[in-house]
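Per chain, numbering begins at 1; letters A, B, ... match sequence-line order. Just so it is clear, the values below take in all heavy atoms, side chains as well, and ignore hydrogens, waters and symmetry mates.
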2 protein chains.
Amino acid sequence: MATTTAAQRRAQAKVEYDAFLAGCPSRKLLDRISDKWVTLVLSALGSGPGCVGEPRPMRYSELSRLLAGVSQKMLTQTLRSLERDGLVTRSATATVPVTVSYELTDLGLSLHEMVRGLKAWAQTHMDDVLANRESFDAASV
Amino acid sequence: MATTTAAQRRAQAKVEYDAFLAGCPSRKLLDRISDKWVTLVLSALGSGPGCVGEPRPMRYSELSRLLAGVSQKMLTQTLRSLERDGLVTRSATATVPVTVSYELTDLGLSLHEMVRGLKAWAQTHMDDVLANRESFDAASV
DNA sequence: TGGGGTAACTTCCTGATGGGAAGTACGCAC
DNA sequence: GTGCGTACTTCCCATCAGGAAGTTACCCCA
């Protein structure tokens, strides 16, 4: 047949791209999204401050305040690359001073589903990890 | 009451730890697991070369070959920190030369569930991202 | 009319970090 | 005793992230 369904194309992509290969474009993409600021920005845009809300647009300054410790440079850089990859949209309104807000696209939302799990995992398993570190450090004195 | 169940403690941890805060330990943990080599190592140990198999132990050299482009330094460093955090176990058998193999713990397996999604996402949405980049770059000439 | 304020960057400098390559330890085989 | 294979470890350098200060554009208040 001449046409393929989305599911078929996706299944094919799975064998075409292999993120284990250094030269594969999907490896570079995986490197890009396996980044702490990407994870935090997507978490913020996807479920708000408490990580329990709905996806909603957020302003630059709001993100900057929420993601404690992010430098302006890194935030701008991260948002720019997410925009380029089609994961967020940037919209500036001509108020004074100019107001810029960022929002997840559908594609960004699909990645958010994955990333949200990471943040939740870190928070729920923190105690386990801490305990493991303690016993590891104690053993290797 | 004086005792708490594991589930209660976990629910409490969710509010105690907030990875958005720069000083929170879970933020540092999230930074640690939002790392390209962590993602790739966990993917490899969790589902083998094609990302379709079962979790199984892998040798240092096997990982090094599979994760094309990883330096020995980074692989050792990543494995060490995963071991410290209780996500993998390291077992050396006294053959000649010594054989070392790494295997996911239950904790590592639970993180693998999240991480596997990231790699799959990168591979299935590669084309979308590529298309977005093209139109973005074309628009900003 | 000019000084101050704010949002969203941008630039510069410097310290940290990742990659590459070379070195190490061990023990057997030749 | 020399060479090899595995699993590291160390050193050096290029790149990169963080911090702080500068930039633009416009309005408000005196």
Side-chain angles (χ1 to χ4, degrees), chain A residues 19-24 27-41 44-45 57-84 88-103 136 139-140, chain B residues 19-24 27-42 44-45 57-84 88-103 136 140:
Chain A
F20 283 137
L21 302 172
C24 183
R27 165 67 166 274
K28 291 208 179 67
L29 179 57
L30 185 59
D31 290 355
R32 191 83 266 292
I33 63 181
S34 301
D35 174 82
K36 61 174 174 174
W37 298 124
V38 169
T39 304
L40 287 167
V41 166
L45 289 175
M58 290 180 77
R59 296 185 46 189
Y60 180 91
S61 52
E62 193 180 0
L63 281 169
S64 160
R65 242 173 296 118
L66 179 59
L67 311 190
V70 68
S71 68
Q72 292 185 317
K73 189 180 81 170
M74 272 295 104
L75 183 56
T76 303
Q77 208 171 95
T78 303
L79 287 168
R80 203 75 83 218
S81 97
L82 290 176
E83 189 194 358
R84 189 168 104 97
V88 306
T89 53
R90 176 185 187 277
S91 45
T93 54
T95 55
V96 158
V98 64
T99 305
V100 181
S101 75
Y102 294 90
E103 188 170 9
F136 182 89
S140 60
Chain B
F20 283 137
L21 301 173
C24 182
R27 165 67 166 274
K28 291 206 179 66
L29 179 58
L30 185 59
D31 291 354
R32 189 85 267 291
I33 63 181
S34 300
D35 174 82
K36 61 175 175 174
W37 297 124
V38 169
T39 304
L40 287 166
V41 166
L42 288 178
L45 289 176
M58 291 180 76
R59 297 185 43 190
Y60 180 91
S61 53
E62 194 180 0
L63 282 169
S64 157
R65 243 173 293 118
L66 179 59
L67 310 191
V70 68
S71 67
Q72 291 185 318
K73 190 180 80 170
M74 271 296 104
L75 183 55
T76 304
Q77 209 171 95
T78 304
L79 287 168
R80 203 74 83 218
S81 95
L82 290 176
E83 190 195 358
R84 188 168 105 97
V88 306
T89 53
R90 176 184 186 277
S91 45
T93 54
T95 54
V96 161
V98 63
T99 304
V100 180
S101 74
Y102 295 90
E103 189 170 9
F136 182 88
S140 60

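- Between A:Y102 and C:dA8, a side-chain N or O to OP1/OP2 separation shorter than 4.0 Å is absent.
- From the 5' end on, the contacts that DNA chain D makes with chain A at under 4.0 Å to a non-hydrogen atom open and close at D:dA17 to D:dC27.
- Residue contacts for B:T99: at a heavy-atom cut-off of 4.0 Å it reaches the sugar-phosphate backbone alone, with no base atom in range.
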Between the protein and nucleotides 15-20 of chain C, which nitrogen or oxygen pairs come in under 3.5 angstrom?
{"from": "C:dG19", "atom 1": "OP1", "to": "B:K36", "atom 2": "NZ", "distance (Å)": "3.4"}
{"from": "C:dG19", "atom 1": "OP1", "to": "B:W37", "atom 2": "NE1", "distance (Å)": "3.3"}
{"from": "C:dG19", "atom 1": "OP2", "to": "B:W37", "atom 2": "NE1", "distance (Å)": "3.3"}
{"from": "C:dG19", "atom 1": "N7", "to": "B:K73", "atom 2": "NZ", "distance (Å)": "3.0"}
{"from": "C:dG19", "atom 1": "O6", "to": "B:K73", "atom 2": "NZ", "distance (Å)": "2.6"}

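- For A:D35, the salt bridge (charged side-chain N to carboxylate O under 4.0 Å, His left out) criterion is met by no residue, not counting sequence neighbours.
- For A:P57, the side-chain contact (heavy atoms from CB on, under 4.5 Å) test picks out A:S101, A:E103, with sequence neighbours left out.
- For A:S64, there are no side-chain hydrogen bond (donor to acceptor under 3.5 Å, both in side chains) partners at least two apart in sequence or on another chain.
- Rounded to the nearest 0.5 Å, atoms CH2 (A:W37) and CG (B:D31) are 6.5 Å apart.
- Not counting sequence neighbours, the partners of A:A68 by the side-chain contact (heavy atoms from CB on, under 4.5 Å) test are B:A22.
- In this view, A:Q77 satisfies the side-chain hydrogen bond (donor to acceptor under 3.5 Å, both in side chains) rule with no residue, not counting sequence neighbours.
- For A:R32, the salt bridge (charged side-chain N to carboxylate O under 4.0 Å, His left out) test picks out no residue, with sequence neighbours left out.
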Could you run down the sub-3.5 Å N/O contacts of the protein with nucleotides 23-30 of chain C?
none

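- Residue A:R59 places no side-chain N or O under 4.0 Å from the OP1 or OP2 atom of C:dA7.
- Partners of A:T93 under the side-chain hydrogen bond (donor to acceptor under 3.5 Å, both in side chains) rule, at least two apart in sequence or in another chain, do not exist in this structure.
- Sorted by first and then second residue, the salt bridge (charged side-chain N to carboxylate O under 4.0 Å, His left out) pairs involving residues 57-82 of chain A (not counting sequence neighbours) are A:R56-A:E62.
- For B:T89, there are no side-chain hydrogen bond (donor to acceptor under 3.5 Å, both in side chains) partners, not counting sequence neighbours.
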